[in-house]
Undergrad: 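Attaching a single structure in structure tokens format; questions to follow.
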Amino acid sequence: MNINVGDNKMELNGRDDLKKPLLEPSDSVCVTIPEPVDKLEKKRTVMFKIGNIKCASCVTSIESVLGEINGVESVSVSPIHGHAAIEYVPKLVNPKLIKETIEDAGFPVKEFSEQQIAVCRLRIKGMACTSCSESLERALKFLDGVKKAVVGLALEEAKVHFDPNVTDSDRIIEAIEDAGFGADLISSGNEANKVHLKLEGVSSVEDMNTIKSYLESAIGVNHVEMDLEEKRATVNYDPDFTGPRSIIEAVQEVAHGSYKASLYIPPRQRETEQHHEINNYRNQFLLSCLFSVPLFIFSMVLPMLPPFGDWLEYKIYNMFTVGLLLRWVLCTPVQFIVGRRFYKGSYHALRLKSANMDVLVAMGTNAAYFYSVYVAIKSLSSDTFKGQDFFETSAMLISFILLGKYLEVLAKGKTSDALAKLTDLAPDSACLLILDDDGNVVSEVAISTQLIQRNDIIKIIPGEKVPVDGIVIDGQSYVNESMITGEAQPIAKKPGDKVIGGTMNENGCLLVKATHVGSETALSQIVQLVEAAQLARAPIQKIADRISRFFVPAIVLTAFITWLGWLIPGVIGIYPKHWIPKGMDKFELALQFGISVLVVACPCALGLATPTAVMVATGKGASLGVLIKGGNALEKAHKVKAIVFDKTGTLTVGKPEVVNVMLFSSVSMEDFCDVAIAAEANSQHPIAKAFLEHARKLRQKIESNRQSNNQHVTEAKDFEVHPGTGVSGKVGDKMVLVGNKRLMQTYNVTVGPEIEGYISEHEQQARTCVLVSIDGKIAGAFAVTDPVKPEAKNVILYLLSMGISSIMVTGDNWATATAIAKEVGIEKVIAEMDPIGKADRIKDLQMRGLTVAMVGDGINDSPALVAADVGMAIGAGTDVAIEAADIVLIKSNLEDVVTAIDLSRKTISRIWLNYVWALGYNILGVPVAAGILYPFTGVRLPPWLAGACMAASSLSVVCSSLLLQSYRKSWVFQDTKRGHSHCSKST
């Protein structure tokens, strides 16, 4: 087999659009990796704006004082602008000291430009409720050098933007641990292209330094980290110049093959941490049960059985009984060993001037335990004292809370199931074709997917998954893309078509040239986008944040008032004595009610109401081909009352076809095609591409008739794009305009009656007419049609049934726009708009109080996507459109617009339901625990049962959010028998 990978049509080198990732992360931060200094130290550069520089001697003074600082490598000061660039070694000096030195020399530093902002993601352990995430955020923001910190409660992650000149990820982890939480680094700096290697033959620091030096000198290697203890290397590289296989080969070339390297795949931290947390809670619960179950039996069961009851009541000394001793012994390990986590959480929360669930649990259990200790000591010292201990209350309370947390983490693990399924889509291995210099296949090698490099040729047989994004260079097949796009029908693929990593090849053999590998693939970009969305905080979360600030103090105050409210009336004798249970006194009854109030209140349920629902919804949306960039986008989308649609590529298929070409001058068809091809060659507009394809075919037909092969076309000079109207440029010595009537009017080109008639005739048929002017005269025109998407009309009707009005805004002419709008059922049309005009029309709608969404697919839609309350990029359009959008619709199907809005409405409804349940539980639970029903019904809530209710409330909120996983698309279908459109919903 011979594969011509050098064909211009298939060649990807130099094609910028194929080098760019399909989905850019919305908040990506570029971090420059500094070059090594002496193979050990690194240099950085900091910029200052310095005042009072009057002459060359001032520059000399600054350079002199800075040169004396250990670690400053070079200083460059501009006496004219007052700019200073200082190169330094971060391990020896920091920018703050440099700044202070300049100021001490008598020169004010007007601007301090921090050149680098790094970002790291961390896994956080030990967060229980909103108070935890809020206090941790505050602690991180107070850390010197941290610019921004976002902590996700449900995701249990933190994303920190920081100045690497001032701090680093190790100090950030220290700050988190100092705040009382555990932290593990997930990623730091530029994680875009990184490979982990396992090294063999390495036994000393010298070996590691030799390999490191060799790799750092290799082309395309940006940064190398070595771990002698684990014998591993982590290499950051530029995929344009090298790749994992080349790096492994480079290691094996060192010292004539003395060292060996192989790919090391780190364990998935998220899954590992989840299993560890689940096992930890399970073990803690089982350990508590080891003591709590016997304690319950000794307290509640055996005293009712005569032989055992008498034995337990046996007095060891004074009133101190065997049963009391056993309960004390069994409760103490649960209180101080198993319950240690609550003490630690309370200490760190109070130290940060915050209060969380741990504070409530610690106060409740301590009150029960230490009152019981008082009863035990009093029993030892008195032969007449009779008191009721609450040892079983403390132990069982802790056990039930741990059971609730165990069930909660099990349920929370399922909220990220959709994300885990996306991550698992990529196959583990692939078949790499080895080619000789002539493009002939020499051999086939099975390699790990992570070793695939850009421009590799991969063979994909039927039934195999596509390992990475690429372009088909040979073979034809159908590929099932439902797992990425949600598209149910397999998509036909032929040479020149793009394929997405993670999709399934169904029936033919394909040879694919890799274009995007590693973190650049569409699948990786989707996962990153969803992870970022799950970490982003929805505005509706502010309700829980506000409540959490006063929730715990309010509950503590309520518990104290409850205790006094039962104790004082009991002492005074306001309520009858028969209300007091047998074996208790007034103080003990009041104490039980107070403890119940402390432990029944649950701030956790409030904190989990929003993030768990957002996690499930964004994951579910991703599995349906709808990428929602966080809770903010979800919340805005559910309020949408008007949707603005672009025409080309949004309401229409986006693949225009030329249906007519007409000349209006003496210019030959051959020259007309040449000039138009040259002018349109650099345009990215779908109409331009359609005409180029048609003109080239027409040109080839002319040449074949003449039996000649002279197809050289001059490239246009001074090429300029006029948004919304067309393009212009010089072809040879001729000034050429290609565009609509407005472009011609701008350049004062006359459009005669004959041309007007041609335009009018075709526009009435919903065709777009493009005029070609040569040196100020219309040479010809061509008519283009772009068929309407088959689902467009039903989607517009469905949106209307949802109470959403549809508007079309386009740069096309009024006649064509009106014809398309009439066909799809849109009543309001705004035509002949440039990109800024589209954004202005959206602002006009917003001024009327409407929440507006914009659906578009091109660069010219970006201003409107940004201006809209909710921007939707359809068909995974351009990178710019995706960057500007709040919601990315991977397919070009308009039904996904309905899905995005419907899913957002269901999610926000679910969040409010969670809030109603969480708040309702507390509003009802606290009064019941305080004993409001006791005087009337005799019903009271023992503390251990109150603790079980508290744990159940958090679990119920998580399970409520998990119900969003059962969401199914709303759909629209056409009843061909009756000729009516029907809308159907399923949730």
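Just the heavy atoms: all of them, side chains too, but no hydrogens, waters or symmetry mates, feed the values below.
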Undergrad: Heavy-atom count around Phe370 CZ within 6.0 Å, excluding the residue itself: above 12?
TA: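 Yes, the 6.0 Å shell around CZ holds more than 12 heavy atoms from other groups.
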Undergrad: Given side-chain hydrogen bond (donor to acceptor under 3.5 Å, both in side chains), test Asn914 with Ser961 step by step and report yes or no.
TA: CA-CA 8 Å; Asn914 289 348; Ser961 296; 3.0 Å; yes
Undergrad: Counting only heavy atoms not in Lys344, do more than 12 sit closer than 6.0 Å to its NZ atom?
TA: no
Undergrad: Could you measure the distance from the CG atom of Leu92 to the OH atom of Tyr88? Nearest 0.5 Å is fine.
TA: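 Taking CG in Leu92 and OH in Tyr88, the distance rounds to 11.5 Å.
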Undergrad: Do Phe336 and Tyr369 have ring centres separated by under 6.0 Å?
TA: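 Aromatic pair counts; centres sit under 6.0 Å.
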Undergrad: Would Trp917 and Ser956 count as a side-chain hydrogen bond (donor to acceptor under 3.5 Å, both in side chains) here? Give the steps.
TA: CA-CA 9 Å; Trp917 169 250; Ser956 63; 2.4 Å; yes
Undergrad: When you check the side-chain N and O atoms of Glu225 and Asn236, is any donor under 3.5 Å from an acceptor?
TA: no
Undergrad: Which one of Ile911, Thr907, Ile908 satisfies the side-chain contact (heavy atoms from CB on, under 4.5 Å) criterion with Glu635?
TA: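 When Ile911, Thr907, Ile908 are each tested with Glu635, the side-chain contact (heavy atoms from CB on, under 4.5 Å) holds only for Ile908.
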Undergrad: Check each of Ile398, Leu402, Asp358 against Arg341 using the side-chain contact (heavy atoms from CB on, under 4.5 Å) test, and report the only one that passes.
TA: Leu402
Undergrad: Drop me the distance from Leu136's CG to Met127's CE, to the nearest 0.5 angstrom.
TA: 6.5 Å
Undergrad: Does a donor on one side chain and an acceptor on the other come within less than 3.5 Å for Glu277 and Tyr406?
TA: no
Undergrad: For Asp227, I'd like to know if atom CG has over 12 heavy atoms of other residues, nucleotides or ligands within 6.0 Å.
TA: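 It does: Asp227 CG has more than 12 such atoms within range.
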Undergrad: Decide if atom CZ of Arg351 counts as having more than 12 heavy atoms of other residues, nucleotides or ligands within a radius under 6.0 Å.
TA: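 Yes, the 6.0 Å shell around CZ holds more than 12 heavy atoms from other groups.
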